[in-house]
Engineer: 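Pasting in a structure now, in C-alpha cells, and then I'll have a few things to ask.
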Amino acid sequence: MIKAVMMMNTQGKPRLAKFYDFLVRCLPVEKQQELIRGVFSVLSSRPENVSNFLEIDSLFGPDSRLVYKHYATLYFVLVFDGSENELAMLDLIQVLVETLDKCFSNVCELDIVFNYSKMHTVLDEIVFGGQVLETRSDEVMKAVEEISKSEAASNSISLVPKSVSGWRGGR
Amino acid sequence: MEQLKTIGRELAMGSQGGFGQSKEFLDLVKSIGEARSKAEEDRIVLSEIDILKRKLLEPDIPKRKMKEYIIRLVYIEMLGHDASFGYIHAVKMTHDDNLLLKRTGYLAVTLFLNEDHDLIILIVNTIQKDLRSDNYLVVCAALNAICRLINEETIPAVLPQVVDLLNHHKEAVRKKAIMALHRFHRKSPSSVSHLISNFRKRLCDNDPGVMGATLCPLFDLITEDVASYKDLVSSFVSILKQVTERRLPKSYDYHQMPAPFIQIKLLKIMALLGSGDKSASEIMYMVLGDLFRKCDSSTNIGNAILYECIRSISCIIPSPKLLEAAADAISKFLKSDSHNLKYMGIDGLGRLIKISPDIAEQHQLAVIDCLEDPDDTLKRKTFELLYKMTKSSNVEVIVDRMIDYMISINDNHYKTEIASRCVELAEQFAPSNQWFIQVIMNKVFEHAGDLVNIKVAHNLMRLIAEGFGEDDDDADSKLRLSAVESYLQIMSEPKLPSLFLQVISWVLGEYGTADGKYSASYISGKLCDVADAYSSDETVKGYAVSALMKIYAFEIASGRKVDVLPECQSLIEELLASHSTDLQQRAYELQALLALDARAVESILPLDASCEDIEVDKDLSFLNGYIQQAIESGAQPYISERERSGMLETTDYHSQDHHEVPSHALRFEAYERPKPSSLRTQASTELVPVPEPSYYSEAHQPISTSSVSERESSEIKLRLDGVKQKWGRPSYQSSTSASSTPPQAANGTSSHPDVGVGSSSLKPRSSYESKKPEIDPEKQRLAASLFGGSSSSRSDRKSSSGGHKPAKGTASKPPKENPIPVQPPPDLLDFGEPTATSVTATDPFKELEGLMDSSSQDGGSTDVMGVLYSDAAPVTTTTSVDSLLSELSDSSKGNPGTYQSQTSKGPNSQEALEKDALVRQMGVNPTSQNPTLFKDLLG
C-alpha cells in the first residue's frame, strides 16, 4: 500500500502532500509537517548518483520504504510498505510526471502550485485509497479532461443563475 | 527564484484558464515563494489567515469567491498552519450541485479532515446522494471522498450503494468502487466480510483495468488467508500468461511492457499462493520461466518485473531451472551500474540465499563493493544481507563491520537497529565467550549503550552470571575475570552510557573480588568513582551502591575486616539524605549491613547467588500467625480495597473489577448521566420525581441502618462517602458475609428483600435490578450460541440450543431488549426503536441464519452478527447491542459473562444515545429506513 505521495521543492517547501496511511492521516497537521520536513532532510542529504530508494522506518513505522525522484526543482516522493515493488514505484513516479507533463505541457513547479486541484485530480486517478489504480497516462489524461470539460460546462451553466438561485437550490 | 517569478508573471497573465485563480492567491503564493526565512513565511501566512477569517464571516459570499478562499485554505494548511476555522465552508461546498464546486469541496474536505473528524457526519448524506447521481463523475468524486473520509461507523451508510456500483456500466466507476470496498476492508474487515465474494466476481470483469484493480484487495485477502484462495492459482497463472502474451489491448502497454503493474501484482499473489505448496508452485513454473525470457532488462519496469519474479521464486518451491534463472538475473542486477538495480540485486540475493545458501559465494566481490559504496541505502541493504548470511564461521567479520558502521552513523533509529542485530548475532553465533564480552558487548554498549534495549543488558548480566551452561566452573570464572578486567579498563573512559555503567557496576559487585585478584578496597574505590562521576544518574548510583553492599558483604562473610574507604563513607552519608527514596533505602541497608556479623550477612547476600531463584511468598503466609493473634485480641479483619470501595454496589462490580478496572470510573459516570435528562422527557407520574438525587440521599439515611444501603447501585455510593464513617461498620460486615456466598445468589437474594424495605423512591431501580437474574441465563445462552461461549457456559448451550436454528432467533432477541430494562427507565423513550427493529428484524434474522449456515460456526457467526449490526449503526439500540456482544465475547472467557454485560450496558447505550442525537441533529440517516439497509445488504 502506498502510504503517502509528496512533492516538495529543493528548498523543502511542500508542494503537494497526500497521506493514505490511516495512522498518518490521523496525526495533527503539525506532525504531518514534521514528517514532510523529516523526509526532506533525508533527501537533501543524499548525494547525487545514488539509488532512489530509502528505508524510512524511523518516520513512517516499520517496513516503510521511500522512493524519490528529483526533477529540476522538485522532489517527487512515494512512501509505501513491503507490498509494493520499489522499481515499480519508481515507474509510478514516472507515470505521474509524464501525465503532468501532458497536462501542463512541460510541467514546472509553478504549474503544480497554481493548479492545485488539477494536480489532485491527476493524482487521484493514478493512486486511489493507497493503491495503484491506473498507470496509463493517456487514460488518466482522458479522465482529467473529461472532468475539466464537465466542470467548465457546469460552471458556465450555473454562472448566470448561480447568485440568485444557487443557495436555495443547493440546500 | 528568478525563474519562478517570470513564470509566475506569465501565469498571472492568464495563460491557464479554467482554474481561475485570483490575483490574491497568486500574490500569496509569490510572496511565500519569495520569503527568505521560515519566520517571514509564517508572518505572511498568519496575516493571510486573518484575512481569510474576516472574509469568511462576510455574508453572501459568491460561490466562486468561496471556492477561491477554500483553495487558499488548503494551501495554508499544506504549509502546516491550522485552517480549521474554514473546514465547515469546505463541507458546505460539497453540497453544491455545480461539479466544479462540488469537486473543490470534496478535495478540500479530503485534505482537511481525517476519518475521525466530527464534521464527517455532515458529509455522509451528500455522499449518499452523490453515489446515486447519474453523472458518473460525481459518483467518482464521491467514491474518492469515501476512501478518505468514511470511518467504521459510517461504512454501513454507504456500503449498499458502493456494492451496487460494482455493476456500474462505467469501468472507471467499477474500479473505484472496488477500491472503496478494499478500503473498507482495511478499515474494518468485519464490515465487509460478507462481500468478499464480490472481489472474486470482479476478477472476471470484462475490463482488464477493473480486473487489475481487483488484484489489490485479493492480495490483502490472500495474505490473510491463503488456504481459501488456492482454487484461484490456475486463474491467476492464466491471467498472467495472457498478459505476457500481449492479449491485452495495446493501450495497457507501458514502455513496451504489457500491463506491468498487473503483472507485478499477479506475481506477488502467486508468491503467496505458491509458498510451501508444491503443486501450486508447479503450475507457475511455465509462466515464470517465460517471464525471465521475455522481460526486457533494459527498462526500469522490465527489471521491476524481473525482480518480482525473483521474489516469487524465493517464496514458492522452485525448480532448479528457475533458481538458475533467478541467480542469473541477480548477477545482472549486481553487475549493473545503477544503484537501484544493485539494491534490488542485494535484496534478491538476501531472499535467495535462504533457499540456496551457496549462491552468495559467486557474488562475494559485488557484495563487498556494495558494502563500501557511498550510498547509505545500498550499504544498509547489504548489511541486511550479511545479517541473513551470518554463520559461526563469519560472525566475527560481519559483526566487526557492523559495529564499525554503527559507530560511524548518527541516525539513532538505525543505530539502535544495527546494535540489536549485532547483539542477536553475537548471542547466536559467538565463537568464544571472551570475544562475546570483549568485542561485542563492550563495543556495542560503549557506542550505543543508551539505544539498546535494556533486556540486552540483562541478558549480558545473566550470561556472565550463568556462564555458558556447561558445567565448567573454571571457564566460567575465567569469563568473569576477563569481564571484570575489561570493565575496570573501560571504566576510566569518560562519558559511558548509563546502561553500560549499570552492567559494569553489577559485574564488579558480583565478581570484582571473586578470585582475589583485586582487593575489595580497590573495587569499592572504583565503584565510588562511578557514583561520583555520574552523580546525576540515580539508576547508576543505585547499582553502584548495591555493588558496594555486595562487596562488603562478601568481605564480612569471609571473615575479613572491612575498612570502608573515606570516599565510600562520604558517599553513603550523602545518599542517606538523598531525595531519592530508593537510594536512601539502599544506603541505609548498606549501613545496617556493615554492622551485622558474618553469619547474618552471609544469609542476606550469599556469595555468587545471583542465579539462585528467590522464592517469593505472595500470600505472605508467614504472617498468618501474627494476624491470627491480632484478630483474637479484637482487631478487625482486613477488608481489601476492592471490597471497601465496592461494598455498596451489587456484587457484579466485583467481577468487573478484575477485567475492567481502567474503564470503571468512566462507565460509572456514563451510566448515570442520562437519568435527569430523560426524567424530564418522560413526564410520567409513576416515575421518580425530578430532584431525585438529593431526595434520595435524604430518604436514604434513615433506612440505611437496616443494611439497605449496601445493595444500592453506584449512585448512592457517591453520596455515602461522607456517611461511611457513621454507617461503615455494619455495612463492612455485611458485605464480607455476602461476598463469601456465591455472587449470583448474593445478587438475587439480597437485592429483593432490600427492595421491599426501601422507600417508594427506590422502586424504579429495584424493579430493574431484580430483573437482572432473569435475563442472565438467556444472555448466557445467547453468548454461548454466538461465540461458542466460555468454558463454563458451554455445556449449558449444548443442552439448551440443541443445535437447531430457531433457537438462535429467539435467543438473539432478549439482548435487544436487554438494554432497556437495565437502563434507567426513561431511556425507553429515547429508544422507540426496539419495537420497530424487533418487528422488522424477522427478515434480517432469517437471512442471518442462512448466512450462519454457510459460514464456519464460531468465527463466522460473530462476523455476521457484527456486520449485520454495524450495518444498522444509526439504529442506536442495535449498535449498543453489537458492541455489547463483542465485549461479552471478550470478557466471558473464564468469567461469568452475565455480570460484565450488565455493567457495560450503561456506557454503551449512553454513547449510542449521544451518537443518535448527533445523527438526528445533523439530519443524516433517518433511522426508520434501516430495514432497507438490511435488504440491500443481504439481497
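Any value given below was found using the heavy atoms of this structure, including those in side chains, with hydrogens, waters and symmetry copies removed. In what follows, chains carry the letters A, B, and so on, assigned in the order in which the sequence lines appear, proteins first and then strands, with residues in each chain numbered from 1.
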Engineer: Can you pull out every ring pair (Phe, Tyr, Trp, His ring centres under 6.0 Å) where at least one residue sits in residues 4-52 of chain A? Sequence neighbours excluded, please.
Structural biologist: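 Found none.
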Engineer: Counting only N and O atoms by type, is there a donor-acceptor contact under 3.5 Å from the side chain of A:Asn85 to the main-chain atoms of B:Ala304?
Structural biologist: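 Judged by distance alone, yes, a pair lies under 3.5 Å.
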Engineer: Please classify the contact of A:Glu48 with chain B as side chain, backbone, both or neither, using a heavy-atom distance under 4.5 Å.
Structural biologist: neither
Engineer: Given the side-chain rings of B:Phe333 and B:Tyr343, with only the six-membered ring counted for Trp, is the space between their centroids under 6.0 Å?
Structural biologist: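 No, they do not, as the ring centres are separated by 6.0 Å or more.
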Engineer: Checking A:Asp57 against chain B: side chain, backbone, both or neither under 4.5 Å from a heavy atom?
Structural biologist: both
Engineer: Between A:Val95 and chain B, with a heavy-atom cut-off of 4.5 Å, which part of the residue counts as in contact: side chain, backbone, both or neither?
Structural biologist: both
Engineer: Any salt bridge between A:Lys3 and A:Asp81, counting N to O under 4.0 Å?
Structural biologist: no
Engineer: What part of B:Asn303 gets closer than 4.5 Å to chain A, counting heavy atoms only: side chain, backbone, both or neither?
Structural biologist: both
Engineer: Could you tell me which portion of B:Leu267 (side chain, backbone, both or neither) has an atom closer than 4.5 angstrom to a non-hydrogen atom of chain A?
Structural biologist: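 Looking at B:Leu267, nothing touches chain A.
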Engineer: Examine whether an atom of A:Val29 lies under 4.5 Å from a heavy atom of chain B, and if so say whether it belongs to the side chain, the backbone or both; otherwise answer neither.
Structural biologist: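 Looking at A:Val29, just its side chain touches chain B.
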Engineer: Which answer fits B:Arg311, side chain, backbone, both or neither, if we ask what part of it has an atom under 4.5 Å from a heavy atom of chain A?
Structural biologist: side chain
Engineer: I need the A:Gln131 CD to B:Lys265 NZ distance, nearest 0.5 Å.
Structural biologist: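 Rounded to the nearest 0.5 Å, the CD-NZ separation comes out at 5.5 Å.
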Engineer: If you count every heavy atom of other residues, nucleotides or ligands that lies below 6.0 Å from B:Lys250 atom NZ, does the total exceed 12?
Structural biologist: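 Not buried by this count: 12 neighbours or fewer within 6.0 Å.
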Engineer: Side chains of A:Asn9 and A:Tyr75: any donor to acceptor distance under 3.5 Å?
Structural biologist: no
Engineer: Is chain A contacted by the side chain of B:His117, its backbone, both, or neither, given a heavy-atom distance below 4.5 Å?
Structural biologist: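 Nothing of B:His117, per the 4.5 Å heavy-atom cut-off to chain A.
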Engineer: Using non-hydrogen atoms and a 4.5 Å limit, figure out which bit of A:Ser83 sits close to chain B: side chain, backbone, both or neither.
Structural biologist: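 Contact with chain B: backbone and side chain both.
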Engineer: Relative to chain A, which segment of B:Tyr136 carries a heavy atom at a distance below 4.5 Å: side chain, backbone, both, or neither?
Structural biologist: side chain
Engineer: Does any heavy atom of chain A fall under 4.5 Å from the side chain of B:Asn135, the backbone, both, or neither of them?
Structural biologist: side chain
Engineer: So does B:Arg36 pair up with B:Glu41, basic N to acidic O under 4.0 Å?
Structural biologist: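 Not counted as a salt bridge, because no side-chain N and carboxylate O are separated by less than 4.0 Å.
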Engineer: Can you tell me which portion of B:Ile178 sits under 4.5 Å from chain A's heavy atoms? Options are side chain, backbone, both or neither.
Structural biologist: neither
Engineer: Please determine, among B:His255, B:His339, B:Lys381, the option with the most heavy-atom pairs under 4.5 Å with chain A.
Structural biologist: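 Of the candidates given, the most pairs with chain A belong to B:His339.
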Engineer: What part of A:Glu139 gets closer than 4.5 Å to chain B, counting heavy atoms only: side chain, backbone, both or neither?
Structural biologist: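 The answer is neither part of A:Glu139.
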Engineer: Can you pull the salt bridge (Lys or Arg N to Asp or Glu O under 4.0 Å) pairs that have at least one residue in residues 120-130 of chain A, sequence neighbours excluded?
Structural biologist: A:Lys18-A:Asp124, A:Glu125-B:Lys176
Engineer: Is it the case that B:Arg380 places NZ or CZ above or below the six-membered ring of B:Tyr414, under 6.0 angstrom from the centre and within 45 degrees of the axis?
Structural biologist: yes
Engineer: Are B:Tyr307 and B:Asp347 close enough that a side-chain donor and a side-chain acceptor fall under 3.5 Å?
Structural biologist: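 B:Tyr307 vs B:Asp347: donor-acceptor pair found between side chains.
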Engineer: At a 4.5 Å cut-off on heavy atoms, which part of A:Asp138 comes close to chain B: side chain, backbone, both, or neither?
Structural biologist: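 For A:Asp138, neither part sits under 4.5 Å from chain B.
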Engineer: Take B:Asn144 and B:Tyr106 through the test side chain to side chain donor-acceptor pair (under 3.5 Å) and record every step on the way to the result.
Structural biologist: CA-CA 8 Å; B:Asn144 195 14; B:Tyr106 272 136; over 6 Å; no
Engineer: With a 4.5 angstrom heavy-atom cut-off, which part of B:Met344 approaches chain A: side chain, backbone, both or neither?
Structural biologist: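 Looking at B:Met344, just its side chain touches chain A.
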Engineer: At a heavy-atom separation under 4.5 Å, does B:Ile301 approach chain A through its side chain, its backbone, both, or neither?
Structural biologist: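 Both backbone and side chain.
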Engineer: Counting only non-hydrogen atoms closer than 4.5 Å, does B:Lys187 touch chain A with its backbone (N, CA, C, O), its side chain (CB onward), both, or neither?
Structural biologist: both
Engineer: Answer with side chain, backbone, both or neither: which region of A:Glu84 has an atom nearer than 4.5 Å to a non-hydrogen atom of chain B?
Structural biologist: both
Engineer: Identify which part of B:Gln263 has an atom lying under 4.5 Å from any heavy atom of chain A, answering side chain, backbone, both or neither.
Structural biologist: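 Neither part.
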Engineer: Report which part of B:Ser251 has an atom under 4.5 Å of a heavy atom belonging to chain A: side chain, backbone, both, or neither.
Structural biologist: both
